[in-house]
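Being a predicted model, the structure only gives us computed values, none of them experimental. Nothing fancy with the numbering, it's 1 onward along the sequence. Atoms considered below: every heavy atom in the structure, side chains included; atoms not considered: hydrogens, waters and symmetry mates.
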Amino acid sequence: MNSRKSLEKELSLYEEQGISLYLDGEPSNSRTIARACQIADGGGYMRDYTEDEQGCIARVDFDFVIDE
């Protein structure tokens, strides 16, 4: 399985659990994020996990970081 499909599958599981996904600060979905990560030019995407009050993942943000 290629890395894009693997990432998309992982993020789909988050979606099924009701975990919100964001790409550069905007609500997004597993397919869009996986595609953006695959074609990122001049940088890559960094993940940031936000937990709820019980310590469970509530949100995953993907923010573009420019390569230096």
To the closest 0.5 Å, what do you measure between [atom1] ([X]) and [atom2] ([Y])?
| X | Y | atom1 | atom2 | answer |
| --- | --- | --- | --- | --- |
| F62 | M46 | CZ | CE | 11.0 Å |
| L23 | C37 | CG | SG | 7.5 Å |
| R4 | I33 | CZ | CD1 | 12.0 Å |
| T50 | I57 | OG1 | CD1 | 9.5 Å |
| S30 | R35 | OG | CZ | 10.0 Å |

Could you pull out the closest heavy-atom pair between A40 and Y45, with the gap in Å?
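Shortest heavy-atom separation between A40 and Y45 comes out as CB-CE1, 3.9 Å.
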From the options L11, T32, N29, select the one residue that forms a side-chain contact (heavy atoms from CB on, under 4.5 Å) with L21.
L11
Quick one, E10 and L13 - any side-chain contact, counting heavy atoms below 4.5 Å?
no
Quick one: does D24's side chain have a donor or acceptor within less than 3.5 Å of a partner on F64's backbone?
yes
Y22, I19: one ILVMFWY side-chain cluster at the under-4.5 Å cut-off?
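Y22 does not cluster with I19.
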Apply side chain to side chain contact (heavy atoms under 4.5 Å, CB included) to E15 and S12, showing your working.
CA-CA 5 Å; E15 287 177 306; S12 290; 4.0 Å; yes
So with a 6.0 Å cut-off around CD1 of I66, is the heavy-atom count from everything else above 12?
no
